[in-house]
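Working notes, structure below.
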Amino acid sequence: MILKTKSIKRYCHAITCALALSITPAYADESAASAWAGLSVGLNLSHLDVASDISFVLANSFSNPNDYEAGIDLSLEYMAPLTSNILLGVELMASHNNGNAEDSFHYNGGNIHIENWRIDAERSARILGKLALAATPTTLFYAGAGIERVHFSFSEHVLQSGTTYNHSDTLLGHVLAVGIDQRLSETLSMRAELSHTEMDQQLYQGGIFQSPTWIDPDVRALRIGIRYHF
């Protein structure tokens, strides 16, 4: 009888331990997700790679302005738990950039210095849907997709005539982003993000530039910033 009682106690103890082991991670995951839920605002410094493929109706002539710009971003974000450690969110961001990308005219494979092109991604606004994994209450990984409107300024300077053609346009593109957040305190976190925004090719003609011109700009960005969680 004593042996049977000890066996039952061991059996109950084993079941209790198994239940504890299965329940504890769930609570830990739930705590991790709730730590990142809610509203936050962020301020980022950004390093942009602005690249454009410019081609002319005239065959075999092109220009490829490609250079870096510096920027500052302000964002507003809301995250909601989907499961114990997965969150869905939406982010609104406005950006202002300084700098430009430059290149000269190429014809028949040669770099011919008869005109120069300059392109600047001056400012942008984006909306991003996000799927995030709360690995711990202090570490969050996310991926996002959305749309971004970028205001570009284009400048074509013809050396022979001294004429400069200036034009600006706001283009809509598709943006993809991945990033990581690391908690510094209950209300502050640090974020690092990589993003790529691809625009559709645009045809400009009718006296905007020296000749009808195709422009296909893209923007890649590295952002590092601080966030405040309400």
Side-chain angles (χ1 to χ4, degrees), residues 29 31-52 64-82 85-102 118-153 170-199 217-230:
D29 288 344
S31 175
S34 62
W36 293 99
L39 190 68
S40 67
V41 294
L43 183 66
N44 306 316
L45 296 178
S46 56
H47 182 69
L48 285 75
D49 179 12
V50 180
S52 295
N64 299 115
N66 189 346
D67 212 336
Y68 299 103
E69 297 188 23
I72 187 168
D73 319 303
L74 182 64
S75 69
L76 177 67
E77 179 179 278
Y78 182 79
M79 302 291 289
L82 182 63
N85 62 343
I86 301 295
L87 300 99
L88 286 177
V90 62
E91 179 193 44
L92 301 175
M93 178 182 289
S95 305
H96 181 78
N97 311 310
N98 290 306
N100 55 72
E102 295 186 61
R118 176 181 295 177
I119 293 184
D120 178 14
E122 294 180 337
R123 57 187 181 272
S124 67
R126 83 178 192 189
I127 181 169
L128 196 70
K130 309 177 82 170
L131 179 65
L133 168 66
T136 71
T138 59
T139 304
L140 181 81
F141 299 95
Y142 68 86
I147 57 176
E148 184 170 11
R149 293 181 66 88
V150 183
H151 183 81
F152 289 95
S153 65
T170 301
L171 305 181
L172 183 65
H174 300 91
V175 57
L176 298 175
V178 293
I180 180 174
D181 260 322
Q182 185 65 41
R183 283 278 186 174
L184 303 176
S185 68
E186 288 187 3
T187 57
L188 294 178
S189 69
M190 179 168 284
R191 172 174 294 181
E193 179 189 279
L194 290 171
S195 68
H196 177 87
T197 304
E198 184 172 350
M199 312 289 170
D218 294 315
V219 178
R220 290 167 289 277
L222 168 64
R223 294 182 169 92
I224 297 177
I226 195 88
R227 301 198 67 78
Y228 180 83
H229 299 262
F230 293 96

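No hydrogens, no waters, no symmetry mates; every other heavy atom, side chains included, goes into these values.
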Distance, nearest 0.5 Å, that separates [atom1] of [X] from [atom2] of [Y]:
X: M79; Y: D181; atom1: CE; atom2: CG; result: 8.5 Å
X: R149; Y: L172; atom1: CZ; atom2: CG; result: 6.0 Å
X: L133; Y: N85; atom1: CG; atom2: CG; result: 5.5 Å
X: S189; Y: R227; atom1: OG; atom2: CZ; result: 6.5 Å
X: Q182; Y: T139; atom1: CD; atom2: OG1; result: 3.5 Å
X: W36; Y: I86; atom1: CH2; atom2: CD1; result: 14.0 Å

Legend entry - Pair R126 + E148: basic N to acidic O under 4.0 Å: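 E148 and R126: not salt-bridged.
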
Legend entry - Electrostatic pair R191:E91 at N-O distance under 4.0 angstrom: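 The answer is yes: the pair qualifies as a salt bridge.
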
Could you report the tightest heavy-atom contact between [X] and [Y], atom names first, then the distance?
X: Y78; Y: L39; value: CD1-N, 3.9 Å
X: S95; Y: D73; value: OG-OD1, 2.6 Å
X: E69; Y: I119; value: OE2-O, 3.9 Å
X: S195; Y: V175; value: CB-CG2, 4.2 Å
X: D67; Y: N100; value: CB-O, 3.5 Å
X: F152; Y: V219; value: CZ-CG2, 4.1 Å

Does the side chain of [X] reach to within under 4.5 Å of the side chain of [Y], using non-hydrogen atoms?
X: I127; Y: V90; value: yes
X: V50; Y: D120; value: no
X: V41; Y: F230; value: yes
X: L87; Y: L82; value: no

Can you check whether [Y]'s main-chain N or O pairs, donor with acceptor, with [X]'s side chain at less than 3.5 Å?
X: D218; Y: M199; result: yes
X: R183; Y: A35; result: yes
X: E198; Y: G173; result: no
X: S46; Y: L48; result: no

Legend entry - Atom CZ of R118 with >12 non-hydrogen neighbours under 6.0 angstrom: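 No - once you tally the heavy atoms of other residues, nucleotides and ligands closer than 6.0 Å, there are 12 at most.
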
Inset, instruction - Look at the aromatic rings of Y68 and H47 and report parallel, tilted or perpendicular, splitting at 30° and 60°. - result: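 Parallel, since the angle between the ring planes stays under 30°.
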
